[in-house]
Structure formats: structure tokens, C-alpha cells
Amino acid sequence: MFIHDCLGVNSAGHLTIGGCDTIELAAEFGTPAYIMDEATIRARCTAYRNTLRECFGEGSMAHYAGKALSMRRIYDIVGEEGLGIDVVSSGELYTALAAGFPVERICFHGNNKTDADIEYAVKNRVGRFAADNREELDAISRIAGKAGITQKIILRITPGIDPHTHKAITTGDIDSKFGSPIATGQAEEIVKYAISLPNIALCGLHCHIGSQIFDVQPFAGAARIMLKFIADMEAKTGWLADELDLGGGFGVRYVKEDKGIDIASAIRELAGVINAECTELGIQRPRIMLEPGRSIVADAGITLYTVGSVKTIPGFRTYVSVDGGMPDNPRYALYQSRYEAVIANRAAEPKTIHCTIAGRCCESGDLIGENMPLQETSRGDILAVFVTGAYNYSMASNYNRLTRPPIIMVKDGKSYTAVRRESFEDLTRNDL
Ligand code: LLP
């Protein structure tokens, strides 16, 4: 009935997730609430871990990109599943450390790490930095030197690949705030510069071409370009890349029309391309890293809201207003992202209306979606929006002084709170 395995409908006609009745969850935890299925997250981790191992052996691994969803519990889960993580701020690093995540499996990313970020990460002996630019290399070298260590780094390179996704989430193109382009010669310069610096060990290269990508081709194209560049650098400098990180970006199915990408088959296809290219170039295959965020957590999550009003403007449209909106899910406002939704207490009934789902903020752009098929609904119904596990909680705000929803995890028919609902005291905690 649904495109996501963790969802179902029970004998009461209620939507279920991970074997739990969503109406009971809404009654127990209130709305809005993010609900996440632990088994789905673990299954995605397993697919990455096992397929990378099968294709590339030990040492190749996935680093979960915490920007998709950062909270202590997710770091416990991905850590137990044997993945590494990518953090992009001291705040994400702090959260991972608070969860006891193994530091050697942490890579610190971002295009503008401050000295304070670098000092904090070096002090905590973070495994790697993905260094972006010269200024950052200087700072890492200086701070690592002061700490008396040699800091492992990888370098962010832009291969010049356009993955045909939304332009706000394309990052591997030449004109990008991230990394050094190969085409302009800046990548070669920065590799040589990194090798020349003290207190830094350059272990490999990194690229990330974009997000929500369904085709293997752009990844294969990026891998080919990066491997050629690795071979070129080896010939010119004698430096051997031990590691090639191809970033994240595997897409997920938000709506039926999205074609999806199967993690295991995509990695296998990519491995074929990488192995052939290494043979052709006569280089030793580096360890291969991936950095999935969305494809680990997105379809494990749904958001539950309570319907407040239903307003039909004749000749125009029907607005269904809910008790959350852009503060808990800014993705429609930012990217016109599409979602599917159901009235959770009537999940077995056919969808007979098309509506605009509106949030409760004082802003007309505060929508969850437009022209969405839905069951007939009225005040008090529970609305479930699917595939909200990634880039929802992590991008949430307190706009209009709304409190951020809790994250409730479900597992085998049982539920537990991973993040509690913010309180009014939380809202004023920093007000002096
Ligand atoms: N690695 C790097 C360096 C990244 O910049 C990203 C995402 C990832 C990995 C993970 O990519 P994923 O597997 O999640 O596609 N807020 C946007 C998505 C921004 C993605 C930014 N970078 C959204 O809601 O669609």
C-alpha cells in the first residue's frame, strides 16, 4: 500500500510505523512529532556496510553525514552498525562525542572551519579533517603542530560534475563554494601545498557532487575523474592517495514518481567502474568511502500533525492547516520538495480531495505541499507526512517561537523518546 516498508495500516484503519499505531503515538507524545523507525535506519546502514565490504574489502566504509539528522541516539545506532560519521561543526562533533562515538571514525567537514572548530577537533583527536582551502590547511597545520600531533586530512576536490538535481543541493560543479576544481589547476596546487605542510598527513581526496541523485552515472563520472586526478598526482609528485571519498547523495523516494536507487546495486555498479578505471590507469585502488545522509534516515521518518482547520476557497483551493509547518519542515519553502501524506486515522480510506497543507506560521510560504491528494479531513484528525527523517529536525527552527517537536523512535512495536519536545523554558533559556 505504501512505498515504504516500515509503514502499514492496522485493523482499526490507522497508519502504523514500525508496528506502532500512529494515533496511539500521537495521543501519547502529542503533535507535531517526528517518528522514526529504528529497523529501517539499521537496514540502510547494513546495506552500505556489507556492500562496501563485499566490493572493496575491509577499510572502505560509509561515514554517515550527520547534517541529515544529528542527535545522540543516531550516533549510537550508526556507531553500533560499524559506520563512521561526517560532522560539519563543533556542535555536531559535540553531539557525537556526547554519544561516545569513536573519534577515529569521525571526519570533520565544511567549507569554513573556524580556528575554534579546528582546535576543538584536534583536542579531541578527531580521525580526519576534510580540508577545503589553503587558509584551513594553514590553520590545521599550525594547530596540530601546537598540539604535537600529525593530523590526518583528506582534501575536498570539485570534479566538475553536474548531477542534475536541485541547484541548491548541487555541490560538485566547478563554480562552487566547496573545494578546489581540477579543471582550473587549483586542485593540483592545493594537493602540492598540503604535501608541503608540516603536521599534516594527506591521506586522500574527497568529492561530493550533490544530493537526491537517482542515477549511478554522475557518481561513476566523478569517480573516473577523481581516479585520473589521483594517477596524475602520483605521476607528478609521487604522492599516493590511500583513500577516495565519493561523498553522499543517493536519493530516496519521497513520492511514487521518484524512481529511487538501490544502495547495494548502485555500489556494485560503481565498484565495477572504479576497478576497471584503476586497472586502466595502473594505480592501486584507494580505500573507497561514501558519506550517505539522506539515504540512511529519510524514509525511516514521518511527521505527525493535528489538523486544525479545513478551508475551501471556491474556484481556488482547499487549505488544510496543521499544528506545525516550516519550523519543523522547511523543505517545501526552500526547495519545493514533494511529499506524500495521509490522514493517519483514516489511512485505509481512499484519497478524495486535493489540498494545500499549510503550517501555522504567519507567512504564506509556510506550506508542507500543494495539490496533495488526501482523505476527507476535519479538525482533530492526525495527518502523517512521509519521508521526513532527513533534513527536517536538523533544519528545524523556532520561528514564531514554536517549540521543536520530539523525535520518537519505534522498534518492533515499541516506542521510546530519543529527543524530547522543547519546552517554553528551552525557548527563553538564553534570553537575558
Ligand atoms: N557529504 C557532504 C560533503 C555533503 O555536503 C552532504 C550533503 C552529504 C555528504 C550527504 O548527502 P546526502 O547523502 O544526504 O544526499 N538540506 C538539503 C540537502 C543538503 C545536502 C547537503 N550536503 C535537503 O533538505 O534536501
Side-chain angles (χ1 to χ4, degrees), residues 41 44-45 47-48 61-70 74 78 83-89 92 106-113 128-133 153-159 161 163-173 176-180 204-216 218-219 222 226 244-255 258 260-261 263 266-267 270 289-301 303 326 328-339 368-369 385 387-397:
I41 299 171
R44 301 289 179 267
C45 292
Y48 276 104
M61 68 154 88
H63 283 224
Y64 164 68
K67 70 204 76 171
L69 171 68
S70 184
I74 193 72
V78 299
L83 272 61
I85 54 165
D86 130 16
V87 299
V88 291
S89 67
E92 283 188 5
I106 303 181
C107 183
F108 199 124
H109 268 274
N111 67 308
N112 189 15
K113 304 166 193 74
R128 280 179 187 32
F129 283 92
D132 189 277
N133 51 63
I153 64 153
I154 55 178
L155 271 178
R156 177 131 186 197
I157 303 296
T158 35
I161 288 278
H164 304 295
T165 183
H166 191 287
K167 88 172 174 320
I169 51 179
T170 300
T171 43
D173 207 356
S176 166
K177 73 168 181 167
F178 300 103
S180 308
L205 301 179
H206 171 280
C207 67
H208 170 80
I209 56 172
S211 199
Q212 186 61 355
I213 302 167
F214 294 121
D215 293 321
V216 180
F219 294 101
M226 294 296 287
L244 172 59
D245 187 330
L246 293 170
F250 285 7
V252 303
R253 293 184 75 192
Y254 284 88
V255 292
D258 287 336
I261 181 167
I263 295 167
I267 295 175
L270 202 52
M289 308 294 191
L290 293 177
E291 271 165 9
R294 190 190 310 272
S295 54
I296 301 264
V297 288
D299 62 6
T303 307
M326 66 191 291
D328 62 78
N329 184 356
R331 297 192 69 259
Y332 187 78
L334 282 173
Y335 322 115
Q336 299 74 52
S337 305
R338 295 182 63 201
Y339 285 100
I368 297 293
V385 177
V387 198
T388 58
Y391 303 111
N392 272 230
Y393 175 71
S394 65
M395 293 174 77
S397 75

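Remember, it's 1-based here, ligands and their atoms both numbered in the order they're listed.
No donor-acceptor distance shorter than 3.5 angstrom exists from the side chain of Ser394 to the backbone of Ser70, with no hydrogens or angles considered. For the pair Lys113 (side chain) and Ala130 (backbone), a donor-acceptor distance under 3.5 Å is present.
Side-chain contact between Phe108 and Glu92 is absent, with no heavy-atom pair separated by less than 4.5 Å.
Of all atoms in ligand 1, numbered sequentially from 1 with element shown, those under 4.0 Å from a heavy atom of Pro292 are 13 (O). The Arg156 neighbourhood of ligand 1 comprises atoms 3 (C), with distances under 4.0 Å to a heavy atom of that residue. Remark: ligand 1 atoms within the under-4.0 Å shell around heavy atoms of Met395 are 16 (N), 24 (O). Of all the atoms in ligand 1, the ones that sit under 4.0 Å from a non-hydrogen atom of Ala65 are 8 (C), 9 (C), 10 (C). Of all the atoms in ligand 1, the ones that sit under 4.0 Å from a non-hydrogen atom of Asp86 are 1 (N), 9 (C). Shown in contact with Arg331 at under 4.0 Å from a heavy atom are these atoms of ligand 1, numbered in order with element: 23 (C), 24 (O), 25 (O). Set against the non-hydrogen atoms of Glu291, the atoms of ligand 1 under 4.0 Å away are 1 (N), 2 (C), 3 (C), 8 (C), 9 (C), 10 (C), 13 (O).
Not a single N or O atom of His109, backbone or side chain, sits closer than 3.5 Å to an N or O atom of ligand 1. Taking distance alone, with nitrogen or oxygen atoms compared against 3.5 Å, Tyr335 approaches ligand 1 more closely than that limit. The shortest N/O to N/O separation between Ser295 and ligand 1 does not fall below 3.5 Å.
His208 has its ring centre no less than 6.0 Å from the ring centre of His109. Taking the centre of each ring, Tyr48 and Tyr64 stay at or above the 6.0 Å mark.
Atom 25 (O) of ligand 1 has its nearest heavy-atom neighbour, among His208, His63, Gln212, Arg294, in Arg294.
Residues Arg338 and Asp258 are not paired through a salt bridge, judged by the lack of any N-O separation under 4.0 Å between the basic side chain and the carboxylate.
Few gaps surround CZ on Arg253; more than 12 heavy atoms of other groups in view lie less than 6.0 Å from it.
Residue Gly249 places a heavy atom under 4.0 Å from ligand 1.
Inspection of the Ser211 and Arg294 side chains reveals an N or O donor paired with an N or O acceptor under 3.5 Å.
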